[in-house]
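Atoms considered below: every heavy atom in the structure, side chains included; atoms not considered: hydrogens, waters and symmetry mates.
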Amino acid sequence: MRTKRQEIVINHVYIGEFCEHPVLEASIWTVCDMLDLEKVEAMEHVLDASPIVKAKKIDDRDPPRNRATSFSGVLSHFVSSRKRDYGTLIQSTSGGRIPFETMFQLRHDGRLGPVGKRDCGYSWICLTLNKKEGFTEYDISEFKSLFNNTCLAVDAFYGHVADHSICVQRNVFMAKAVEHPLLRKKVPDFNRELWDVYWLNYFGNEYVRFWGEEKVLALAREYELTRFDKGGICVQTTPEPVFADDSVKGIKDYTFKKHMYEILGYNTFMHETQQSGEPGQYVPTMDDQRRLLNANLTNAYSK
């Protein structure tokens with residue numbers, strides 16, 4: 001555990017910073033149209049139902065300035081008042097003593113249109129949990145529930161949770177693996193690969209279909225695996241979140257990642273020595289994700 005904040009700069013390029021206390025980061029991706037108020041309202045319900053977060057402030061600026069007492073109606077107001085790509089931040093706290101805060105961010109990556117008319121975009125949702133004195137077993141369990149419920153509410157195709165230190169260390173390894181840090185690969189091409197193996201890993205039902213039941217069962221033999229009615233799974237690789245280990249020499253060197261690499265393929269994930277495949281070789285393409293979503297929506301509307 002680091003005792004102070006540490007900024008990382010390589011060749012005059014800012015890479016990130018290590019925090020002095022634990023920070024859990026959840027990232028969730030969906031091809032759903034997040035200008036759809038039904039999805040946004042479902043997300044509001046999940047956030048309001050969580051016992052570890054309480055709405056405090058909301059804004060499309062950082063830090064957020066507008067006070068809020070509930071998530072209900074707040075996100076949908078921002079969406080309906082803009083009708084465009086948007087970024088929204090909610091600062092929320094738990095209890096009167098504010099033991100930690102959660103930052104919620106929703107942002108479009110690429111353009112999204114009505115169902116059936118998407119323009120290869122997707123939405124990214126980020127949930128961040130900070131707690132200076134460290135996380136209790138209760139905090140960890142409830143954040144896992146919040147993550148899974150948000151994935152289900154927005155029909156996520158992929159998501160993961162890790163301590164911030166793991167994410168920063170990964171960026172450092174990627175920066176050092178290329179001639180100059182600016183040339184590093186920052187984000188995956190979801191048509192070809194996924195981010196990496198983390199503490200929690202959510203895979204939507206198109207990944208489950210693509211990899212097949214045999215590989216899913218193999219994951220269940222090595223990790224804690226939760227199946228959901230919508231067809232997706234959450235794979236928990238360790239009992240508690242893992243912090244960055246300074247003795248580790250590369251992204252693939254963590255023991256908890258080994259079995260998933262072996263089962264799903266080393267090139268399925270983005271790392272320093274990855275040989276990126278063709279679209280659809282190791283993972284389903286984004287078009288596959290959209291076709292599945294549209295089929296599910298069509299079936300739902302026809303009932």
Side-chain angles (χ1 to χ4, degrees), residues 1 22-30 46-47 49-53 100 102 125-131 134-167 169-170 188 193-245 248 251-266 268-271 282-284:
M1 187 78 65
V23 179
L24 281 180
E25 293 183 344
S27 288
I28 300 166
W29 289 267
T30 176
V46 168
L47 291 166
S50 173
I52 64 170
V53 294
F100 57 78
T102 299
I125 299 165
C126 178
L127 298 161
T128 306
L129 182 66
N130 303 283
K131 193 172 183 183
F135 301 119
T136 65
E137 184 177 339
Y138 175 79
D139 296 330
I140 293 171
S141 175
E142 288 299 333
F143 193 70
K144 177 182 176 181
S145 295
L146 177 61
F147 167 70
N148 283 331
N149 289 337
T150 303
C151 287
L152 296 174
V154 301
D155 287 323
F157 67 87
Y158 175 59
H160 59 67
V161 180
D163 183 77
H164 176 73
S165 62
I166 288 283
C167 301
Q169 186 189 53
R170 183 185 178 286
E193 62 215 358
L194 295 173
W195 275 95
D196 195 19
V197 179
Y198 296 95
W199 170 54
L200 296 181
N201 307 266
Y202 179 86
F203 304 115
N205 50 354
E206 184 61 16
Y207 288 110
V208 175
R209 182 205 63 78
F210 183 88
W211 290 325
E213 186 67 13
E214 183 177 347
K215 289 185 177 180
V216 171
L217 291 175
L219 289 173
R221 286 193 290 269
E222 302 294 344
Y223 302 115
E224 180 181 324
L225 187 146
T226 304
R227 291 178 181 264
F228 300 103
D229 291 341
K230 288 188 173 184
I233 59 175
C234 179
V235 182
Q236 181 174 332
T237 57
T238 57
E240 296 182 349
V242 175
F243 300 100
D245 181 350
V248 168
I251 292 173
K252 304 191 304 298
D253 293 346
Y254 283 93
T255 304
F256 74 89
K257 299 180 181 183
K258 179 181 178 182
H259 293 299
M260 196 176 299
Y261 284 150
E262 292 178 344
I263 293 166
L264 300 181
Y266 281 87
T268 300
F269 302 94
M270 195 172 71
H271 50 75
Y282 299 118
V283 294

In chain order, what residues pass the side-chain contact (heavy atoms from CB on, under 4.5 Å) check against [X], with sequence neighbours excluded?
X      : result
Thr136 : Lys131, Tyr138, Asp139
Phe210 : Pro284
Tyr282 : Asn267, Thr268
Val46  : Leu146, Asn149, Thr150, Ala153

Filter on salt bridge (charged side-chain N to carboxylate O under 4.0 Å, His left out), then keep only pairs touching residues 254-266, sequence neighbours left out; what's left?
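Listed once each, the pairs are Asp196-Lys257.
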
So which pairs with a foot in residues 200-210 pass salt bridge (charged side-chain N to carboxylate O under 4.0 Å, His left out), sequence neighbours left out?
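Counting only pairs at least two positions apart or across chains, the salt bridge (charged side-chain N to carboxylate O under 4.0 Å, His left out) contacts touching residues 200-210 are Glu206-Arg209.
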
Trp195, Trp29, Tyr202 screened by ring pair (Phe, Tyr, Trp, His ring centres under 6.0 Å) with Tyr158, the one that passes
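With Tyr158 as partner, ring pair (Phe, Tyr, Trp, His ring centres under 6.0 Å) holds for just one option, Trp29.
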
With sequence neighbours excluded, residues passing ring-ring contact (aromatic ring centres under 6.0 Å, His included) with [X]:
X      : result
Tyr254 : Phe256
Trp211 : Phe203, Tyr207
Phe147 : none

Does Asn148 reach the main-chain N or O of Ser145 with its side chain, forming a donor-acceptor pair under 3.5 Å?
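The answer is no, because no donor-acceptor pair under 3.5 Å joins these two groups.
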
Does any N or O in the side chain of Asp163 come within less than 3.5 Å of the main-chain N or O of Leu24, such that one atom is a donor and the other an acceptor?
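Answer holds: no.
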
Is there a side-chain contact between [X] and [Y], using heavy atoms and a 4.5 Å cut-off?
X      : Y      : value
Phe135 : Glu240 : no
Lys230 : Asn205 : no
His259 : Arg221 : no
Ile140 : Pro241 : yes
Thr237 : Tyr223 : yes

Which pair of non-hydrogen atoms, one from [X] and one from [Y], has the smallest distance, and what is that distance?
X      : Y      : result
Val161 : Tyr198 : O-CB, 3.4 Å
Thr30  : Asp155 : OG1-O, 3.4 Å
Pro22  : Phe243 : CB-CE2, 3.8 Å
Ile28  : Ala156 : CG2-CB, 3.5 Å

How long is the straight-line distance from [atom2] of [Y] back to [atom1] of [X], given to the nearest 0.5 Å?
X      : Y      : atom1 : atom2 : value
Glu25  : Thr128 : CD    : OG1   : 5.0 Å
Thr226 : Gln236 : OG1   : CD    : 7.5 Å
Lys215 : Ile263 : NZ    : CD1   : 9.5 Å
Leu194 : Leu264 : CG    : CG    : 8.5 Å
Phe228 : Leu152 : CZ    : CG    : 5.0 Å
Asp245 : Ser165 : CG    : OG    : 10.0 Å

Using the test salt bridge (charged side-chain N to carboxylate O under 4.0 Å, His left out), find all partners of [X] that sit at least two apart in sequence or belong to another chain.
X      : result
Glu193 : Lys185
Glu224 : Lys144
Glu213 : Arg227

Worked verdict on Phe269 versus Lys252 for side chain to side chain contact (heavy atoms under 4.5 Å, CB included)
CA-CA 10 Å; Phe269 302 94; Lys252 304 191 304 298; over 6 Å; no

